[in-house]
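What follows is a short report on a single structure.
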Protein chains: 2
Amino acid sequence: MTPDEPAAPPAPAVTPLVTRLTLARQIRESLVVRIVSGEIQPGERLVETRIAAMYGTSQAPVREALRELEAMRMVETRPRRGTFVRHFVQQTLRESYVVRAALEETATRLAMLAGTMPLPALRAEVKAMRAAARAGDAAAAARASVAFHRHIVDAAHNELLKLSWEALQIEARTSVTMVAAEVKLKDIARDHAELLRSIEDGELETACKHARDHQWHYADLPHDAHGRARRQVS
Amino acid sequence: MTPDEPAAPPAPAVTPLVTRLTLARQIRESLVVRIVSGEIQPGERLVETRIAAMYGTSQAPVREALRELEAMRMVETRPRRGTFVRHFVQQTLRESYVVRAALEETATRLAMLAGTMPLPALRAEVKAMRAAARAGDAAAAARASVAFHRHIVDAAHNELLKLSWEALQIEARTSVTMVAAEVKLKDIARDHAELLRSIEDGELETACKHARDHQWHYADLPHDAHGRARRQVS
DNA sequence: GTGTAACCGATTATCGATAGTCGGTGGAGG
DNA sequence: CCTCCACCGACTATCGATAATCGGTTACAC
């Protein structure tokens with residue numbers, strides 16, 4: 001059944017979105033922003049059909065997006081009951097730093113033992129952080145920080161470790177922390193420079209401990225972005 | 001996953017799976033086991049419609065299951081291309097012990113700092129291991145070992161840590177190791193008893209290091225179980 | 001022979017419809 | 001007045017169908 005005449009798709013005119021990503025992915029991204037920003041409240045119910053209508057799609061892509069959010073621990077789904085925004089988004093944020101600490105300490109140990117630590121790349125990222133600090137570009141600083149730590153995790157050459165680390169959705173959380181904890185960009189650059197220094201010095205245990213403390217530090221910071229966002233509504 | 005091709009007649013006499021969980025959840029669990037056990041090969045493509053037919057469901061729940069597996073990083077999805085089992089899921093038996101070491105060392109630290117280490121439960125599991133060793137019951141020993149470590153991870157009271165740990169699918173791998181590395185049951189009981197001892201002594205850093213070394217030890221043993229498991233299917 | 005374009009079979013992404021389940025509600029009974 | 005239970009509306013879980021894409025292949029001009 002092939003029309004030898006190209007039935008010319010003349011004016012679909014209804015697909016304005018430069019859709020190169022799937023709908024589900026786009027919906028997820030949008031929801032993440034709305035949850036993290038506090039626009040959608042903790043405890044709030046996410047009704048699939050309503051969200052579908054809101055985005056002008058069917059229920060299916062919305063469900064997929066919600067499953068992904070659930071995997072990110074941003075929402076909680078009870079079968080046949082519904083999906084709700086978690087209350088402890090900020091607690092989870094804090095927890096994630098402890099887990100990162102565990103994984104990155106080990107990555108540091110593995111990479112140093114194997115002698116695969118990519119020092120030039122690490123120096124470059126610190127440099128990028130300093131530049132971002134000067135420019136006041138928080139997004140750039142966050143990117144450089146994530147890249148710095150990813151270099152280390154990669155250098156460990158342990159795929160499962162990498163896998164577990166990536167599963168923490170570091171990107172998605174880092175920017176949140178920077179806003180929530182009101183971290184100074186200059187402090188970020190300095191902290192990483194210190195960590196790098198101890199790695200360069202080659203003192204294994206010192207560097208490992210430094211790697212761990214580096215993350216535990218963030219776990220201790222106050223994260224009240226959500227409290228703040230909540231307050232202005234209630 | 002070779003299509004045994006039962007020509008799937010419209011008689012869906014397919015086992016209605018003890019449905020109390022959603023279909024998607026059940027399918028996910030099933031796929032996890034099949035991937036970790038090596039029944040489904042790394043790099044293998046997971047065709048949605050075929051899996052749906054296999055479980056006697058429609059495509060929708062399968063897609064949801066795959067999205068969850070993707071979030072667990074066990075598979076990789078390229079939009080409009082398909083879903084593939086990641087390559088390193090398979091090779092990770094040895095790696096998993098390094099990651100476990102990282103997580104359990106941290107769990108030990110958290111639990112000891114918080115004073116929530118469940119000593120009686122740990123002692124009970126060691127006792128169970130000794131009994132299993134005497135009885136020559138490898139399965140029981142494996143169960144007790146997993147339970148021992150799970151107690152510690154629980155005691156850390158860090159949900160994300162727990163989640164990361166559970167994602168390693170320890171159960172699925174432990175029994176494999178015991179066969180593959182030909183671990184002596186008595187050694188298992190002894191190793192855990194020693195670890196417990198150092199925890200009881202309350203020396204934080206010593207216990208943490210012990211927790212780490214305990215797992216690194218297994219990483220050093222020869223493991224060819226997955227190779228074996230793979231062989232028997234292909 | 002070789003390169004390009006239209007074609008094809010296979011499979012994913014999305015839709016619209018429907019069966020079932022859940023929590024709440026209002027009336028009967030205590 | 002309070003408790004219990006069938007009924008109701010809202011929503012989720014799942015299905016079957018359809019539109020869109022992808023990679024490979026074939027046809028055709030050079």
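Each chain gets a letter, A, B and so on, in the order the sequences are listed, and its residues count up from 1. Everything quoted here is computed from the prediction, not taken from an experiment.
Checking D/dC15, D/dT12, C/dT14 against the side-chain heavy atoms of A/Arg45 singles out D/dT12 as nearest. Nearest nucleotide to the A/Thr22 side chain, out of D/dC11, C/dT14, C/dT11: C/dT14. Relative to the side chain of A/Arg50, the nucleotides D/dG16, D/dC11, C/dA13 differ in distance, and D/dC11 lies closest. For B/Val47, the side-chain atoms get nearest to C/dT12 when compared with the rest of D/dC15, C/dA13, C/dT12.
Remark: the backbone N or O of A/Leu160 is paired with a side-chain donor or acceptor of A/Ser164 at under 3.5 angstrom. Looking at A/Thr77, its side chain never comes within 3.5 Å of a backbone N or O of A/Thr83 through a donor-acceptor pair.
Going from atom NE2 of A/His217 over to atom CD of A/Gln215 covers 10.0 Å, rounded to the nearest 0.5 Å.
With rounding to whole Å, B/Arg78 atom CZ is found 12 Å from C/dA13 atom P. In this structure, B/Glu70 places its CD atom 14 Å from C1' of C/dA13, rounding to the nearest Å. When the P atom of D/dA13 is taken as reference, atom CD1 of B/Ile27 falls 13 Å away, rounded to whole Å. Atom pair A/Ile51:CD1 and D/dC11:P shows a separation of 12 Å (rounding to whole Å applied). Remark: C1' of D/dT12 and CZ of A/Arg67 are 9 Å apart, rounded to the nearest angstrom. At whole-Å resolution of the value, CG in A/Leu23 and C1' in D/dA19 are 13 Å apart. When the P atom of D/dG16 is taken as reference, atom CD of A/Gln59 falls 16 Å away, rounded to whole Å. The separation between B/Tyr55 atom OH and D/dT14 atom C1' is 17 Å, rounded to whole Å.
For the residue pair A/Thr108 and A/Ala211, the shortest heavy atom distance occurs at OG1-CB, 3.6 Å.
A/Leu46 comes within 4.0 angstrom of sugar-phosphate atoms only, judged by non-hydrogen atoms across all strands, and of no base. B/Thr83 comes within contact range of no nucleotide atom at all, as no heavy-atom separation falls under 4.0 Å.
Taking the six-membered ring where tryptophan is involved, the planes of A/His214 and A/His149 are tilted, since the angle between them lies from 30° to 60°.
The residue among B/Ala60 and B/Glu48 whose nearest nucleotide of DNA chain C is located toward the 5' end is B/Glu48.
For B/Arg109, the salt bridge (Lys or Arg N to Asp or Glu O under 4.0 Å) criterion is met by B/Glu105, B/Glu205, not counting sequence neighbours.
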Which pairs, protein N/O on one side and nucleotides 23-25 of chain D N/O on the other, fall under 3.5 Å?
{"from": "D/dG23", "atom 1": "OP1", "to": "B/Arg81", "atom 2": "NE", "distance (Å)": "2.3"}
{"from": "D/dG23", "atom 1": "OP1", "to": "B/Arg81", "atom 2": "NH1", "distance (Å)": "3.2"}
{"from": "D/dG23", "atom 1": "OP1", "to": "B/Arg81", "atom 2": "NH2", "distance (Å)": "2.6"}

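If you check distances only, the side chain of B/Glu64 never reaches the base of D/dA13 with a donor-acceptor pair under 3.5 Å.
Looking at A/Glu166, A/Glu125, A/Glu104 one by one, the single match for salt bridge (charged side-chain N to carboxylate O under 4.0 Å, His left out) with A/Arg150 turns out to be A/Glu166.
Between B/Arg80 and C/dT11, a side-chain N or O to OP1/OP2 separation shorter than 4.0 Å is absent.
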